[in-house]
> 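Sharing a structure, written as structure tokens. Questions coming.
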Amino acid sequence: MAAVTASAAEPAFDFRSTDGLTVTGTLVPDAEARFSRLPDCLHDSIRSDLWNLGLNSAGIAVRFRSDSPRLAVRWHSRNKFNMNHITANVIR
């Protein structure tokens, strides 16, 4: 989410995978694509445009607890477009 540079006094962040964390907002938690919103069985029976929309992770959340005083998040987004009415961090 934010680019954080560790100083000499601060340790670097230890980024963890989302494996084993609770993912909400998807119908199929065991889909081949980790953050897919559609079941894999629909892949060959719906239009490719609709399938690609199902790969959009909007509305999906990863739940976790932490007692850390500092937190950083890193992710990869499939969406590489811009919209003039919304900031890029909402899309990506």
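Only this structure's heavy atoms are used, side chains among them; waters, hydrogens and symmetry mates stay out. What you see is a predicted model, and the numbers here were worked out from it, not measured in a lab.
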> Ignoring hydrogens and angles, tell me if any N or O in the side chain of Arg37 forms a donor-acceptor pair with the backbone of Asn56 under 3.5 Å.
yes
> Does any N or O in the side chain of Thr26 come within less than 3.5 Å of the main-chain N or O of Ser36, such that one atom is a donor and the other an acceptor?
yes
> Rounded to the nearest 0.5 Å, what separation is found between the CH2 atom of Trp51 and the CG atom of Leu42?
6.5 Å
> Same cluster or not: Leu55 versus Leu38, using hydrophobic residues (I, L, V, M, F, W, Y) connected whenever any side-chain heavy atoms lie under 4.5 Å apart?
yes
> Applying the 4.5 Å side-chain criterion to the ILVMFWY set and letting contacts propagate, would Phe35 and Leu53 be lumped into a single cluster?
no
> Heavy atoms only: give me the nearest Phe15-Ala72 pair and the separation to one decimal.
CE2-O, 3.8 Å
> Considering only distance and modelled atom types, tabulate donor-acceptor pairs under 3.5 Å from the side chains of residues 59-67, sequence neighbours left out.
{"unit_1": "Ser66", "atom_1": "OG", "unit_2": "Ser68", "atom_2": "N", "d": "3.0"}

